[in-house]
4 protein chains.
Amino acid sequence: MSASKTFFQLDQAKQQAVVDTALSEFSEHGFHQASTNRMAQVLGIAKGSFFKYFGNKEGLFRYVFEHCKDLFSAPLRSIRAQTQGKDFFTRVEQSLLAGLAFIQRHPRVYRLYIKMLHQERFPLRETLLAEVRAASAKYLRSLVREAQANQELRPGLDQDAVVFFLDAVMDRFLLAHTLAFMDADLGLFQADQETTRHHLAQLMAIIRHGLADDGGTPFEETPHA
Amino acid sequence: MSASKTFFQLDQAKQQAVVDTALSEFSEHGFHQASTNRMAQVLGIAKGSFFKYFGNKEGLFRYVFEHCKDLFSAPLRSIRAQTQGKDFFTRVEQSLLAGLAFIQRHPRVYRLYIKMLHQERFPLRETLLAEVRAASAKYLRSLVREAQANQELRPGLDQDAVVFFLDAVMDRFLLAHTLAFMDADLGLFQADQETTRHHLAQLMAIIRHGLADDGGTPFEETPHA
Amino acid sequence: MSASKTFFQLDQAKQQAVVDTALSEFSEHGFHQASTNRMAQVLGIAKGSFFKYFGNKEGLFRYVFEHCKDLFSAPLRSIRAQTQGKDFFTRVEQSLLAGLAFIQRHPRVYRLYIKMLHQERFPLRETLLAEVRAASAKYLRSLVREAQANQELRPGLDQDAVVFFLDAVMDRFLLAHTLAFMDADLGLFQADQETTRHHLAQLMAIIRHGLADDGGTPFEETPHA
Amino acid sequence: MSASKTFFQLDQAKQQAVVDTALSEFSEHGFHQASTNRMAQVLGIAKGSFFKYFGNKEGLFRYVFEHCKDLFSAPLRSIRAQTQGKDFFTRVEQSLLAGLAFIQRHPRVYRLYIKMLHQERFPLRETLLAEVRAASAKYLRSLVREAQANQELRPGLDQDAVVFFLDAVMDRFLLAHTLAFMDADLGLFQADQETTRHHLAQLMAIIRHGLADDGGTPFEETPHA
DNA sequence: TATGAATGAGAGTTCATTCAT
DNA sequence: TATGAATGAACTCTCATTCAT
């Protein structure tokens, strides 16, 4: 688990405090701008302790990341099991709602992910992001595959294109509707709680019309220039 | 324009070189990891000059950003004018193609935007991003408004929701299909040149089905839990 | 003996292990670069134990040194006894051979001596080295005294000068011919096993010509400037 | 020369002060125990300046070393030229006297060499020492070669063995007779000024008897055990 | 008595910023 | 006005030593 025995021998409250403080620092400042000094000061522990626990800054980050991945994995498995057998669009909608709930409960975890996505290079960036993306893509792909098997989607749609489309729309929806829970203003469209419900309904309607098999293709393709 | 008189008294070539070098540095390293020392060395000017011209690192960044915004505004106005009178979905597709072309011509400008979007906190982040988003939203909103006036969109769709939807999908499409031009691997889906055309066709089909008035609403809304 | 009662109450095997590990560490890294943490880890004992046993790093070093001095003293006495009655130059040669044998058997002891000789300042350096040199000088002096009593050396040679001369030559010979057993490349001349014998013969010839009474002094002293 | 332009633009007095302080620090503490912080404090300059001048601690060390090598090279060439044509033993004696003079004038240079010889590993150790040894060996070897050409040495003596012998004896002589000028007590035999002259005469006599062609070999080789 | 977690001074290094020239 | 040497706070990381358990 990339932390030393010493760390795991700390009492739970202290372990929690360390991870909590580090998560705050990393999610607020990213990797390079995060300061181990500052974390130590906030925690009231010696600077050297981090290095006893995690070897170096990178080890600390990796541990925090693993912690976040664990937090994230459980709900993902749970929502998939709970919606087994329901129609594709209901499953998508439930996924969005589950995503909203997770982010409301763990805003810093989500912000850390956001920070990692586009931040400057740091040691484990590619490796760690690949893990997240793989989990997310695998989940969506399984939903799409089952939907295609059940002939819920319009014929002629690429699996890749659909996954990409859903990933983009859902990701952006979550971002827009959870910014209020994060202290960072990313300059994007932000919804208040009240409009989220309505917005979700609209989005789901678009997705349905966009992807569902409606028994015909009334539009002709535009020729490219 | 956030630069001193001194700077504008430099000959054009030198002004250009300063902006160019700074754009490279910021787009490659973000704000904090960018090094004024390195820029000065590359330019062959004194470190102190930056501070004479722009006050501090933040001022330099702001100036570079303004420059990028100018680069970006012209094509946006141009594409809008060129597609005047065409149907909504054609305009959307042309916008995507124009976006692709812009990013191929100015990869560093786009990468700077990507870096800004989610990177570590830096002084002007929110202000600057808001300007970008405002320009983009304004553009899309005008397209959607005209489309609704021409009854090209399905009745019952919120303007806000449509704008949000388009913004999300188009943004993600551009990112996925231009990563090849940038040296950053963001861990996201990346298309090679050959698949871009096909992917664009698929995406446009989804958008059409999702938004166009097809003379009926075959789906009922899902009740929320 | 510079260690606490606590240490001597440990069983012999453990005491031995502590000295052995510390000898390895000090002979490999010198004093300051040696790490008490590393030693404790290798031994599988608590870091605090060293400080209980020896007070501090310096105390540990002193103890290891005493141990080495004991190892060294026995062979020195032994070779002196064994060569009693032989001619001076034979005794010198036997001493060199004994030195070679000792270093082959105890390379770490010799390397520790080498490290101490000229390494960075550390607390007991002068005191400890003086002890080694005293033992060595005393041994050589007794050999020379007896040789002069037996009129084996050329008249007019100072005892001090002869002792100094022998000390220098023998020390360097041992160093050059045992570097192969140590992992340190000191940048000096290094002999392989095969040339050692030949080199020893040459050196002994020089020493004999240089020191033995040959019944005349064919050279006149050069006047100094 | 391994230092930046910045350094060479300092006025001579300051350059001198920097090298001087660094030489003191390195010759006193070796490489790893030397502290750039301490040097900066002694000099009354900022810590960062060293890194501007020399890149890192290793660069500083290398520069100091080069400086010392320059100091050392001139007298070596000079003494060789001055003694051209004199007999071998005179040249050796003059070399010793020149060595004494050099060390009296530059005790820290000599101590640095001594420190380097046996200290813990540091980055450039082998490279730098090789340079010193090469210069020294080359000098002695040329003397010995000429002596053999002039039939000044006893037949049957290996060139290698003679060079080794001279190197050992001269090195030790210089060490013993210059320790008084260095603040480090290396635990070796130390001569005061008054005895140096006498000691040198004795040593030269031994060397002469040991190496010179005396027209016969009155000693038989001892058989080895 | 033995432990090993905690400490914190100090290490080398970086870099935005200042200011005398 | 332009310069670039100097600054010094802040960075990550190490390790001998202490002390509560």
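In what follows, chains carry the letters A, B, and so on, assigned in the order in which the sequence lines appear, proteins first and then strands, with residues in each chain numbered from 1.
- The shortest distance between the side-chain N/O atoms of C/S49 and the OP1/OP2 oxygens of E/dA2 is not below 4.0 Å.
- Distances shown here put a side-chain N or O of A/S35 below 4.0 Å from the OP1 or OP2 atom of F/dC11.
- Between D/G44 and A/T36, the residue whose closest nucleotide on DNA chain F is further toward the 5' end is D/G44.
- Backbone-only engagement by C/A34 is indicated by non-hydrogen atom pairs under 4.0 Å involving sugar-phosphate atoms exclusively.
- The pair D/R62-D/E58 does not meet the salt-bridge criterion, since no charged nitrogen lies less than 4.0 angstrom from a carboxylate oxygen.
- Residue A/Q9 is classed as a sugar-phosphate contact, given heavy-atom separations below 4.0 Å to backbone atoms only.
- For A/F51 and E/dG4, the CZ to P distance is 23 Å, given to the nearest whole Å.
- Checked against the 6.0 Å centroid threshold, A/Y53 and A/Y63 do not count as a close aromatic pair.
- Shown here for C/F50 and C/T36, the closest heavy-atom pair between the two residues is CE1-O, 3.7 Å.
- Positionally, the nearest nucleotide of DNA chain F for B/G48 lies more toward the 5' end than for the other of A/K52 and B/G48.
- Using a 4.0 Å heavy-atom criterion, one finds that D/L60 contacts no nucleic acid atom at all.
- For the pair A/L10 CG and E/dT7 P, the computed distance is 11 Å after rounding to whole Å.
- Within the 4.0 angstrom heavy-atom criterion, no nucleotide atom of any strand lies near B/F7.
- Between D/F50 atom CZ and F/dA5 atom C1' there is a gap of 15 Å when expressed in whole angstrom units.
- Residue D/K47 places a side-chain atom within donor-acceptor reach of the base of E/dT13, judged by atom type and a 3.5 Å distance cut-off alone.
- In terms of phosphate contacts, D/Y53 brings no side-chain nitrogen or oxygen within less than 4.0 Å of OP1 or OP2 of F/dA5.
- Remark: side-chain polar atoms of C/T21 are not paired, donor with acceptor, to backbone N or O of C/V18 under 3.5 angstrom.
- The interatomic distance linking A/R38 (CZ) with F/dC13 (C1') rounds to 17 Å, in whole Å.
- Computed from coordinates, the C/H29 NE2 to F/dA16 P distance equals 12 Å when rounded to whole Å.
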* How is the base pairing of DNA chain F summarised as a dot-bracket string, given the Watson-Crick and G-U wobble criteria with both distances under 3.5 Å, [ ] for crossing and | for another strand? -> .||||||||||||||||||||
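- Taking atom CE of C/M39 as the reference point, atom P of F/dA16 lies 8 Å away to the nearest angstrom.
- The shortest distance between the side-chain N/O atoms of A/N37 and the OP1/OP2 oxygens of F/dC11 is below 4.0 Å.
- Rounded to a whole Å, the CG atom of A/N56 is 22 Å from the P atom of E/dA11.
- Here salt bridge (Lys or Arg N to Asp or Glu O under 4.0 Å) pairs that include residues 8-20 of chain B, with residues two or more places apart or in two chains, are B/D20-B/R108.
- Between B/S49 and B/I45 the shortest heavy-atom distance is CB-CD1, 3.9 Å.
- C/K57 contributes a side-chain N or O that, together with a main-chain N or O of C/H32, makes up a donor-acceptor pair within less than 3.5 Å.
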